[in-house]
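A short write-up of the structure that comes next.
Order of listing sets the numbers, starting from 1, for every ligand and every atom in it.
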Amino acid sequence: MTSIRAPSIPLVITTPAEAARAVARELAELIRARRRGGRVAVLGLPTGRTPLELYDELARLHRDEGLDFANVVTFNLDEYLDLAPAHPRSFRSFMREKLFERVGIDPLNAWLPASDVAPSQVDAHCRAYEREIAAAGGIDVQILGLGRNGHIGFNEPGAERESRTREVRLAATTRADAAAEFGGLANVPERAITMGIATVLAARRIRVLAFGASKREVVRRMLVDPLGPALPATFLREHGDVRLFLDSAAAPAS
Ligand code: GLP
C-alpha cells in the first residue's frame, strides 16, 4: 500500500481488496471501541459496485471474528424515489442483501430515506432524516463512492455546499449508468432523496473509495478542479479527516 500526501486529500493507492480490508479494519476498531464504552458507532453508507468488497469484508469479520453489530447505527446516503421499498433495485433491498442481513444489524438501527414517500411529505421526511442523524450523535465515519460526473450520494453537479437531505433530480449520466440494472433507461427513477453536501461534510471522518479506469478522470478533477458545485466531490477537500482509497487504474498520474 502506498500513501501519498496530495495537496488536499491523503491518497492511499492499493488494490480494491486491500482497501476493503483497511476500511473494514478501521470500522471494526471504531465499533469495538464504542462497544467497550457502551456507546453506538454511527456509519454513513453508500450503495453501488464500489463498496461491495468492503461489505463482504465486514460480513467476514462478523462471521469469522465475532464482530458484533448490535451497537451499530447506519444511515444510507440516498435512495431512489417512486419505487416500492421492496423493489429489487431499491437501495433498501441492496443494503439488506449486501450487508444488513449478513451482519445481523437490527433493522431499527439501519436508516435509509424512504423510496415511496408522498410528494407532499418529502420535505418533512428529509428534515426528519437529518433529525435522526443528529439524535444518533452524528455520523462517525462516512463511506463514499464517486459518480463519474463527480456526484457524491446523489448530489449531482450544481449541489450547494450548504445543502442538506432533500429531493433531487438525477443527472442524465447517472440514469444512463443505472439503465442496465433497471432493464432500460425508461425504468430508472428520475428523482431521489440524498443527504446533502453539508450532511456529508458533518461526518467526523470520510473514507472515499474509487476503483477502475472509469473513475480516473473524476478522481483527477476532484483533486485539482476549482472547489465548488460544478464537481460536488471537490467539496471533500474542505474536510479535515478525509482519505481517498484508489487502485492504480483510478489513480492520477503523478
Ligand atoms: C450511485 C450512488 C452513489 C455511488 C455512485 C457510484 O449513483 N448514488 O452513492 O457512489 O453511484 O457507483 P459505483 O460504485 O457503482 O460506481
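The residues Glu53 and Arg21 are annotated as not salt-bridged, no charged nitrogen and carboxylate oxygen being separated by less than 4.0 angstrom.
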For ligand 1, which of its N or O atoms have a protein N or O partner closer than 3.5 Å, and how long is each gap?
unit_1   : atom_1 : unit_2 : atom_2 : d
ligand 1 : 7 (O)  : His151 : NE2    : 3.4
ligand 1 : 8 (N)  : Asp78  : OD2    : 2.8
ligand 1 : 8 (N)  : Gly153 : O      : 3.4
ligand 1 : 11 (O) : His151 : NE2    : 3.3
ligand 1 : 14 (O) : Arg49  : N      : 3.3
ligand 1 : 14 (O) : Thr50  : N      : 3.0
ligand 1 : 14 (O) : Thr50  : OG1    : 2.4
ligand 1 : 15 (O) : Arg49  : N      : 2.8
ligand 1 : 15 (O) : Arg49  : NH2    : 3.4
ligand 1 : 16 (O) : Lys215 : NZ     : 2.6

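Although no hydrogens or angles enter the test, the distance criterion places no donor-acceptor pair under 3.5 Å between the side chain of Arg39 and the main chain of Gly37.
Glu130 and Thr165 share a donor-acceptor pair across their side chains, judged by distance under 3.5 Å alone.
Note on residues 141-154: pairs passing salt bridge (charged side-chain N to carboxylate O under 4.0 Å, His left out), not counting sequence neighbours, are Arg148-Asp177.
For CZ of Arg49, the number of neighbouring non-hydrogen atoms (other residues, nucleotides, ligands) closer than 6.0 Å is 12 at most.
Remark: aromatic rings of Phe211 and Phe245 are distant, center separation not under 6.0 Å.
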